[in-house]
2 protein chains.
Amino acid sequence: MGLEAVLRDMGCKVTPQRLAIYEVLKNCNMHPTAETIYNIISSDYPTMSLATVYKTLDLLKETGIIQELNIGGNTSRYDVIPKPHPHILCTKCGKIENMDISLSKNLVNKAKRTSGYDIQNFQLYFFGVCPYCRNSE
Amino acid sequence: MGLEAVLRDMGCKVTPQRLAIYEVLKNCNMHPTAETIYNIISSDYPTMSLATVYKTLDLLKETGIIQELNIGGNTSRYDVIPKPHPHILCTKCGKIENMDISLSKNLVNKAKRTSGYDIQNFQLYFFGVCPYCRNSE
DNA sequence: CCCTTATTTAATAATAATTATCTAATAACA
DNA sequence: TGTTATTAGATAATTATTATTAAATAAGGG
C-alpha cells in the first residue's frame, strides 16, 4: 500500500509536501535529520517550512511507514521501514548504515518472557569504526 | 575501582558534586534524565547547578563507568554500567527497565562480518507495554 | 598545616532542536 | 465549482544542552 492510500485510510489529505518528504526518505539511504530533509527538498519546494517537515515526519511515523532513530547526538534521524533492521553508526565519520541481520526469534521470545512486557518493537544500534575510517588512520 | 580512583587516574578532581551524581545513578534504577538527577540532588545540594550535572555526566561517560541512553523522547537518560545490557521502555507509562539478557556472540560476530566495522559497543532497546499498564487497561 | 594554582562550580547567556500558534492556502467531496 | 475542514507556512515559544566567566575549592609542595 503506497503512501497515498495510507493517508486516505487515515482520513488525512494527500499533499505534495507529504509525498515529497516520503520520496526523499525512500531514495536516500543516509538516515537524514529533519533539517537535512528540509535542505534537500528546499530546491524543489522553496516554500517548504521546517515545521512542515517535522509535522509530516510525525504523521509518517504514526502511519508506521517510517521510523525515528535515536542513535545519539541530539537530533533524531529518520528511516523508511521496509522491514525492521538494526543500524550501525561510525563513531569517526558519523555515517549510519542499515544492517542486514535480524534478532533471533529466540532472543525476542526470551525478552518477552523475562520482562513480562507485550513487546511491539525494538531498536538495535551498533557503534564502531567503519572500514573506510579505519584505513585512513 | 571506585569513582574516586578513576577520577584521580584521569587527573580530575574528586568533588562532592561528582560523587553525589554518581551515587544517585548507582542507587536509582529509573534511568534518570539530567534534570531528574538535578531534582533528586537539589535537596542535599541546594547550590547544585544543572550545568554541573551535565558536565559531570559527560565526564562520567568519558570514564566509561556510566552510559547515555537515547531511547526516544528528546532527552537523554543515564545508566551505570555494571555490564552491557538491553533496556525496555513501556510505551504507556514511560518507565525504562534493565533487561537481563544478552546478545549472542554469534549475532555480534555476524554483525562484524557483514558490516566490516570494528564494533565497540551496541544498544538494544525494546518497546512494549509493561504488565502493570496492561492490567490497568 | 597553609599557600598556590589549576580545576571546578554556579549563575547566566547562548545555541540548537523541536513544538505550538495562527492565518492563508488547498485537497476532498458534495 | 463551491464549501469546508485540513494543511502549509511563517513565526514565536519551548525545551534540552552547551558555552562563558567570575568565584570557590581540591590537590600537592613547601
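Chain naming here is simple, since letters A, B, ... match the order of the sequence lines and numbering starts at 1 in each.
- Between the side chains of A:Asp100 and A:His85, not a single donor N or O lies within less than 3.5 Å of an accepting N or O.
- Under the 3.5 Å distance criterion, the side-chain polar atoms of A:Arg134 are matched with a main-chain donor or acceptor of B:Gly116.
- Between the A:Arg18 side chain and the A:Lys13 main chain, a donor and an acceptor come within less than 3.5 Å of each other.
- By the 4.5 Å heavy-atom criterion applied to side chains, A:Gln17 and A:Met48 are counted as neighbours.
- In terms of position along DNA chain D, the nucleotide closest to A:Pro16 lies nearer the 5' end than the nucleotide closest to the other residue of the pair A:Pro16 and B:Pro16.
- Atom-to-atom, CG of B:Asn74 to C1' of D:dT15 comes out at 7 Å; the value is rounded to the nearest Å.
- Contact between the side-chain N/O atoms of A:Gln17 and the OP1/OP2 oxygens of C:dT26 is not found at any separation under 4.0 Å.
- Contact check, A:Ser76 against C:dA17: no side-chain N or O comes under 4.0 Å of OP1 or OP2.
- Judged purely by atom type and a 3.5 angstrom limit, A:Thr91 uses its side chain to pair as donor or acceptor with the backbone of A:Gly128.
- Remark: P of C:dT9 and CD1 of B:Ile41 are 11 Å apart, rounded to the nearest angstrom.
- Checking D:dT17, C:dA17, D:dA27 against every side-chain atom of A:Thr75, the shortest atom distance belongs to C:dA17.
- Checking the phosphate oxygens (OP1, OP2) of C:dA27, no side-chain nitrogen or oxygen of A:Arg18 falls inside 4.0 Å.
- A straight line from CE of A:Met48 to P of D:dA10 spans 11 Å, rounded to a whole angstrom.
- Put simply, the side chain of B:Ser76 never gets that close to the backbone of B:Asn70: no donor and acceptor are under 3.5 Å apart.
- Remark: P of C:dA27 and CG of A:Leu19 are 11 Å apart, rounded to the nearest angstrom.
- Other residues, nucleotides and ligands contribute at most 12 non-hydrogen atoms within 6.0 Å of the CG atom of B:Asn29.
- Contact annotation: B:Thr15 side-chain N/O to C:dT9 OP1/OP2 distance is under 4.0 Å.
- When each of C:dA20, D:dA27, D:dT17 is scored by its nearest atom to the side-chain atoms of A:Ala51, the top-ranked nucleotide is C:dA20.
- Distance OH (A:Tyr38) to P (C:dT18): 15 Å, rounded to an integer number of Å.
- Of all nucleotides listed (C:dT8, D:dA10, D:dA27), C:dT8 comes nearest to the side chain of B:Cys12.
- Atom pair B:Met10:CE and D:dA27:C1' shows a separation of 17 Å (rounding to whole Å applied).
- Within a heavy-atom distance below 4.0 Å of DNA chain C, the residues of residues 52-61 of chain B found are B:Thr52, B:Lys55.
- Between the side chain of B:Arg77 and the backbone N or O of B:His31 there is at least one donor-acceptor pair closer than 3.5 Å.
- The interatomic distance linking B:Glu35 (CD) with D:dT14 (P) rounds to 15 Å, in whole Å.
- Taking side-chain N and O atoms only, B:Thr33 has no distance below 4.0 Å to OP1 or OP2 of D:dA16.
- Distance B:Leu50 CG to D:dT18 C1': 11 Å, rounded to the nearest Å.
- Here the side chain of A:Lys13 is nearest to one of C:dT26, D:dA16, D:dG9, namely C:dT26.
- Phosphate proximity of D:dG9 to A:Thr47: present, with a side-chain N or O under 4.0 Å from OP1 or OP2.
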